[in-house]
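One structure is given below, encoded as structure tokens.
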Amino acid sequence: MFVLVEMVDTVRIPPWDFHKQLNVAIAEELNKKLANKVVYKVGLCICLYDITKLEDSYIFPGDGASHTKVHFRYVVFHPFLEEILVGKIKYCSQEGVYVTMGFFDDILIPPESLQQPAKFDEAEQVWLWEYETDEGAHDLYMDQGEEIRFRVADEVFIDTSPTGPAAAATDTPAQPGQSTAPPPEDSGEKKEAPYTLIGTICEPGLGLLSWWNN
Amino acid sequence: MEVKNARAAMLSNYEVFKLLTDLKEQRKDSGKNKHSIGQQNLNTIMYETLKYLSKTPCSRQSPEIVKEFLNTMMPHKLTKAEKLMLLNHRPQTAVEIQLLVEESEERLSEEQIEELIQIVSDALPGDPEQENADAEMEVAGEQS
């Protein structure tokens, strides 16, 4: 579920942090920058593991801060494909069952990956498994807050970093003094999750923990 | 920023749990206000991850237990990822073992599965409350 990631970054330490030990100040800056953030194709960063190498620090003209190239290792949440995880059901919708780990929310189990035959109860807004027994079908509800075991089937990373003005590169350079109106922003656009796990529970042993307890 | 190796090593839940618990202690000792400026993200993720991990079997493990477990697992020819999942999940039923071990039907006999369950429950400490409850249930079952 968690991995160590080796990274290199140049860290800027402002002058008011010079009284601190360099590695302490750098650890703080790295955690400030990365903790609880998703790095594209890497995963959700948790906290600094260790600093493996500090290169020389430089001070550039016009800036009192020091800049240090740092080699470090970071703890990252990035389950491998096919890994089994346990989470809690956040809510259900037509798109499937949304699962949360507490620190990570963007997990979706699509309808075709639920235990079959599955049905969506419109009135209660909850998915259920129509479990067949000898005495007839049993409806097993997937209620909010229930603990659920699932397999990681796929991961989706979306690059949410801000994009530059789209037309700027192709257009001729703007005339000085000419007011270039910014293109209308799609402010209504839904905020996309940078990292989504797609889960499946379509296997014996997967699904609510209470289904398999005895 | 440059990523040199996105999968340098896998960490067990216990290792992350230990690291975060130590970091939390350390930050508590060194005074709150001085360090908490700009560290809200770290505090949030630390709190939430610890909350999740403290409910998993890893909160009762130690380096000795993990080492001992891995040593006893040596002859069982499981992959690193499979052993890691056994460690994180502490499976108690055959159906869980079959989930965690890939192609378990071909690779493991029923006896081997039983053996794995036995090793897991011997080497890794379970939830004392849960076990007490189970024991009581058994006693009650015998009496009735």
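Every chain is numbered from 1, with letters handed out A, B, ... down the list of sequences. Everything quoted here is computed from the prediction, not taken from an experiment.
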Can you find a side-chain donor-acceptor pair between A:Thr100 and A:Asp105 that sits under 3.5 Å?
yes
Evaluate whether atom [atom1] of [X] has more than 12 neighbouring non-hydrogen atoms of other residues, nucleotides or ligands under 6.0 angstrom away.
X        : atom1 : result
A:Gln144 : CD    : no
A:Tyr131 : OH    : no
A:Lys88  : NZ    : no
A:Phe80  : CZ    : yes

Heavy-atom pairs under 4.5 Å with chain B: which of [options] has the most?
options                            : answer
A:Ile84, A:Val39, A:Val75, A:Val42 : A:Ile84
A:Ile46, A:Val11, A:Leu34          : A:Ile46
A:Val3, A:Leu4, A:Asp9, A:Val5     : A:Leu4
A:Glu203, A:His78, A:Arg73         : A:His78
A:Pro204, A:Cys45, A:Gly87         : A:Pro204

Neighbourhood of chain A inside residues 95-117 of chain B, taking heavy atoms under 4.5 Å as contact
B:Val95, B:Glu96, B:Leu99, B:Leu100
Could you check whether the rings of A:Phe157 and A:Tyr195 sit parallel, tilted or perpendicular, using 30° and 60° as the cut-offs?
parallel
If the plane angle is over 60° it's perpendicular, under 30° parallel, otherwise tilted; pick one for A:Phe77 and A:Phe103.
perpendicular
With a 4.5 angstrom heavy-atom cut-off, which part of B:Val16 approaches chain A: side chain, backbone, both or neither?
side chain
If one checks every heavy atom of B:Leu50 against chain A at 4.5 Å, the contacting part turns out to be neither
Steps toward salt bridge (Lys or Arg N to Asp or Glu O under 4.0 Å) verdict (A:Asp159, A:Lys41)
CA-CA 9 Å; A:Asp159 193 352; A:Lys41 300 262 161 150; over 6 Å; no
Which answer fits A:Leu48, side chain, backbone, both or neither, if we ask what part of it has an atom under 4.5 Å from a heavy atom of chain B?
backbone
Mind checking whether A:Tyr49 and A:Tyr74 have ring centres under 6.0 Å apart?
no
Is it true that B:Tyr52 and A:Phe104 have ring centroids separated by less than 6.0 Å?
no
Shorter than 4.5 Å, heavy atoms on both sides: which option in B:Arg7, B:Met85, B:Glu2 has the most such pairs with chain A?
B:Arg7
